[in-house]
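Written below as structure tokens is the structure these notes are about.
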Amino acid sequence: MNLDPQGLFRDHSDSDDEFELEKEKDPSKEMVVYLIDASPKMFDLVGNDKEKKNLQDLNGVFVFNVNDREFLDQPTAKLIKEFSCIEALRNLAGTFMSNIGSQYGIIPGSRENSLYSALWVAQALLRKGSPKYVSKRILVFTNEDNPFGNITGAAKTDMIRTTVQRAYDAQEMGISIEILPLSIPNEPFNVSHFYADLIGLEGDEVAQFLPSAVERLEDMTDQLTKRIFKKRIVRTISFSIAEGINIEVNTYALIRPALPGSVTWLDSVTNLSLKAERSFICADTGALVHEPPKRFHPYKNENVKFSVDELSEIKRISNGHLCLLGFKPLDLLKDYHNLKPSTFIFPTDEAIIGSTKIFIALHRSMLQLKRFALAFYGGSANPRLVALVAQDGVTSSSGQVEPPGMHMIYLPFSDDIRHVEELQTTADAGVPHATDDQIKKASVLMKRMELKDFSVCQFANPALQRHYGILQALALGEDEMPDIKDETLPDEDGMARPTIVNALEDFKIAVYGENHDLEEVSSKKSSGTDASRKRKAMVEAAVESAANHDWADLADNGKLKDLTVPELKNYLTAHNIPVTGKKEALISRILTHLGR
């Protein structure tokens, strides 16, 4: 079989060594240095001296940190609180400018190159950790597209050369440099002045840089308070292609539910975490049972004992691996067959050599013949049928957009699919159908209310946002709770637009008729009348039932407890007394009412 697994499952690149499948694991940690330009162009007001604070004692570079915290360590509450004290951009001429801001930037007649020094300091901060296990990035925020514009002659050429060489040295050490331009109104950021050479942009990449950079900046702002999960291997499973032919694949969870952290119980005195332990007590002797419990099943007056392993083997339906059953045309797979987010599978040769080659052959055939694979997957707890849909790789000028592989779609059981017609059918009439005019009015309404470029990622879970907001306030010692915007609430201003109001009114007239408003009012009145009639009937029934007992005698002789809860509630209902609570509360109310 003349197949090249490296050729199919690789990024769009000319280098053979750039992508080795499953041989190089993704970095498990990320180290980022935010390099923020503090030159005069970044501020409205200027008039303070520049400060320096870095281990190399270089002019023009200020490393923001707090005491008792290592550089590039996890953010601490103290760091966040002190950093949040820096005023907004319009007020930066105060605290920020007095401590950090620059008055002159890079000026003629001086050999100080603050950009070169900043890259040197950032590179020194990122020196720890191998690029194989740690992702290292330098993010440069600036609105100055030509930092050496005020310099001319050989000095300018020398500064540009040394700064670009410093950037190349950092990139050779596995450090990526990204430019995030902060454009000034009416002054577009021209990356070709200098930064194109710094980060190595060529050809069409220069023209595409600014739109992609703006998009990255917006994504960064939007995701600052979001918890991001990297796509990591969930588990490695065996994929049985045929009898005697097994391969190994890795599974990836593309979408996972966002849940609050697990609850940790703390001691009320020491505030230390508690460890839960469980013990079994013998019912006959009251002693602690130290031996593991044994299971049994009664059979013909005899208890047949089972070990835990034997019970697990009896309950085992599958070994938890993937077993291929056959193939079906793709058009037989419907949208409503997808019960939950799919799992992405990708081959690995780590344990079974040749898994990638077999997977590629199967993958190519499924794409060419437009078939999906039907397979059995799951253990004893949740066995089910799944559909394996091959996905071809998608690349663009910026790199890989979609990787090649297969999506494992969890198929429903027969009773999971319910037909709407069965629920709407009545004994004396068929299924009601909408008229053409009603369908047309509904279509117009849907088009008026359609959200452009909708994505579920645009709406945050308000309960989670409030949960993490409370944790943030507690961690930072804040007195006030943060305001949480509930993005799931209806857009009342948008719904009040005349186009939507008119479309909604036309739809209601098409379905309910011209006088639907009057019918709604009449229906509410009749429903209120019916409720009052039912309430009156319940009270009359309670009075009649309560009259069958001598309540004073029952209270004096302590026999109220012998009555049932409904009988006690009949007395309370007859005398317009609340009927909520347990039996003891009901008896107490009756005694109070009787003056006992």
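Index from 1, following the sequence. These values consider heavy atoms only, across backbone and side chains, with no hydrogens, waters or symmetry-generated copies.
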Open item on the list: Measuring from atom CD of Glu202 to atom CG of Asp197, what distance do you get when rounded to the nearest 0.5 angstrom?
Closed with: 9.5 Å
Task: Main-chain N/O of Ala460 paired with Glu487 side-chain donor or acceptor, under 3.5 Å - done: yes
Open item on the list: The criterion is side chain to side chain donor-acceptor pair (under 3.5 Å); which residues satisfy it with Asp267, sequence neighbours excluded?
Closed with: Thr270
Open item on the list: Under the rule for ring pair (Phe, Tyr, Trp, His ring centres under 6.0 Å), what residues qualify as partners of Tyr410, not counting sequence neighbours?
Closed with: none
Open item on the list: Go through it in stages, so that I can follow the logic: the residues are Val191 and Leu201, the test is side chain to side chain contact (heavy atoms under 4.5 Å, CB included), and I'd like the CA-CA distance, side-chain angles, deciding distance and then a yes or no.
Closed with: CA-CA 9 Å; Val191 69; Leu201 297 180; 4.1 Å; yes
- [ ] Check the pair Phe413, Leu385 against side chain to side chain contact (heavy atoms under 4.5 Å, CB included), reporting the backbone distance first and the verdict last.
- [x] CA-CA 8 Å; Phe413 293 102; Leu385 293 177; over 6 Å; no
Open item on the list: Are Phe141 and Ile179 packed together at the side-chain level, in the sense that at least one heavy-atom pair is separated by less than 4.5 angstrom?
Closed with: no
TODO: List the atom of Leu324, the atom of Ala373, and the distance in Å for their closest heavy-atom pair.
DONE: CD1-CB, 3.6 Å
Open item on the list: In the structure I gave you, are the side-chain heavy atoms of Thr142 and Tyr195 within less than 4.5 Å of one another anywhere?
Closed with: yes
Open item on the list: Quick check against the 3.5 Å criterion: does Glu310 have a side-chain atom that pairs as donor or acceptor with the backbone of Ser307?
Closed with: yes
Open item on the list: Could you check whether any side-chain N or O of Arg364 sits under 3.5 Å from a backbone N or O of Ala361, counting only pairs where one atom can act as donor and the other as acceptor?
Closed with: no
TODO: State whether the side chain of Ser365 and the backbone N or O of Leu362 hold a donor-acceptor pair below 3.5 Å, judged by distance alone.
DONE: no
- [ ] Please report the closest heavy-atom contact between Val234 and Ala253, naming both atoms and the distance.
- [x] CG2-N, 3.4 Å
- [ ] Provide the closest heavy-atom pair for Phe372 versus Ala387 in the form atom of the first, atom of the second, distance.
- [x] CD1-CB, 3.6 Å
Task: Any side-chain heavy-atom pair of Leu266 and Leu272 under 4.5 Å - done: no
Open item on the list: Restricting to side chain to side chain donor-acceptor pair (under 3.5 Å), what partner residues turn up for Gln123, sequence neighbours left out?
Closed with: Arg166
Task: All side chain to side chain donor-acceptor pair (under 3.5 Å) counterparts of Asn246, not counting sequence neighbours - done: Ser240
TODO: State, yes or no, whether a side-chain contact exists between Leu476 and Gln472 at a heavy-atom distance under 4.5 Å.
DONE: yes
- [ ] With the side chain counted from C-beta on, respond yes when Ile237 and Val249 share a heavy-atom pair under 4.5 Å apart, and no when they do not.
- [x] yes
Task: Least distance between heavy atoms, Arg384 atom then Pro412 atom - done: NH2-CA, 4.2 Å
TODO: Measure the CG-NE2 distance between Leu311 and His297 for me, rounded to the nearest 0.5 Å.
DONE: 11.0 Å
Task: Gln465 (side chain) donor-acceptor with Lys485 (main chain) under 3.5 angstrom - done: no
- [ ] Look only at the side chain of Arg137 and the backbone of Met31, and say whether a donor-acceptor pair between them is shorter than 3.5 Å.
- [x] no
Open item on the list: Would you say CG of Asp415 has more than 12 non-hydrogen atoms from neighbouring residues, nucleotides or ligands within 6.0 angstrom?
Closed with: yes
- [ ] Indicate yes or no: at least one non-hydrogen side-chain atom of Met406 is less than 4.5 angstrom from one of Met366.
- [x] yes
Open item on the list: Pair Leu388, Ile409 - check side chain to side chain contact (heavy atoms under 4.5 Å, CB included), show working.
Closed with: CA-CA 6 Å; Leu388 303 180; Ile409 298 175; over 6 Å; no
Task: Taking every non-hydrogen atom, the tightest pair across Tyr252 and Thr343 - done: O-CG2, 3.4 Å
Task: Main-chain N/O of Gly405 paired to His363 side chain as donor or acceptor, under 3.5 Å - done: yes
- [ ] Calculate, to the nearest 0.5 Å, the distance between atoms CG and CD1 belonging to Leu35 and Ile138 respectively.
- [x] 7.0 Å
Open item on the list: Using a 3.5 Å distance criterion without hydrogens, assess whether the side chain of Asn338 forms a donor-acceptor pair with backbone atoms of Asp335.
Closed with: no
Open item on the list: What I'd like to find out is whether the side chain of Gln391 reaches to under 4.5 Å of the side chain of Pro403, using heavy atoms alone.
Closed with: yes
Open item on the list: Check this for me: Met495, atom CE, are more than 12 non-hydrogen atoms of other residues, nucleotides or ligands nearer than 6.0 Å?
Closed with: no
Task: Step-by-step side chain to side chain contact (heavy atoms under 4.5 Å, CB included) determination, Gln171 to Ile177 - done: CA-CA 7 Å; Gln171 292 171 359; Ile177 301 177; 4.3 Å; yes
Task: Glu402: partners by salt bridge (charged side-chain N to carboxylate O under 4.0 Å, His left out), with sequence neighbours left out - done: none
TODO: Please round to the nearest 0.5 Å and tell me the distance separating atom CD1 of Ile247 and atom OG1 of Thr348.
DONE: 10.5 Å
Task: Heavy-atom neighbours of Phe296 CZ exceed 12 at 6.0 Å - done: no
Open item on the list: What I want to check is whether the side chains of Thr488 and Asp486 have a donor and an acceptor closer together than 3.5 Å.
Closed with: yes
Task: Contacts of type side-chain contact (heavy atoms from CB on, under 4.5 Å), residue Lys334, not counting sequence neighbours - done: Tyr336, His337
Task: Distance in Å, Asp331 CG paired with Lys370 NZ, rounded so as to fall on 0.5 Å steps - done: 9.5 Å
TODO: Looking only at non-hydrogen atoms, find the nearest pair between Leu198 and Ala167 and report the distance.
DONE: CD1-CB, 3.3 Å
Open item on the list: If you define the side chain from C-beta out and look only at heavy atoms, does anything of Phe376 sit under 4.5 Å from Pro383?
Closed with: yes
Task: Pairwise distance OG1(Thr264) to CG(Leu274) - rounded to 0.5 angstrom - done: 10.0 Å
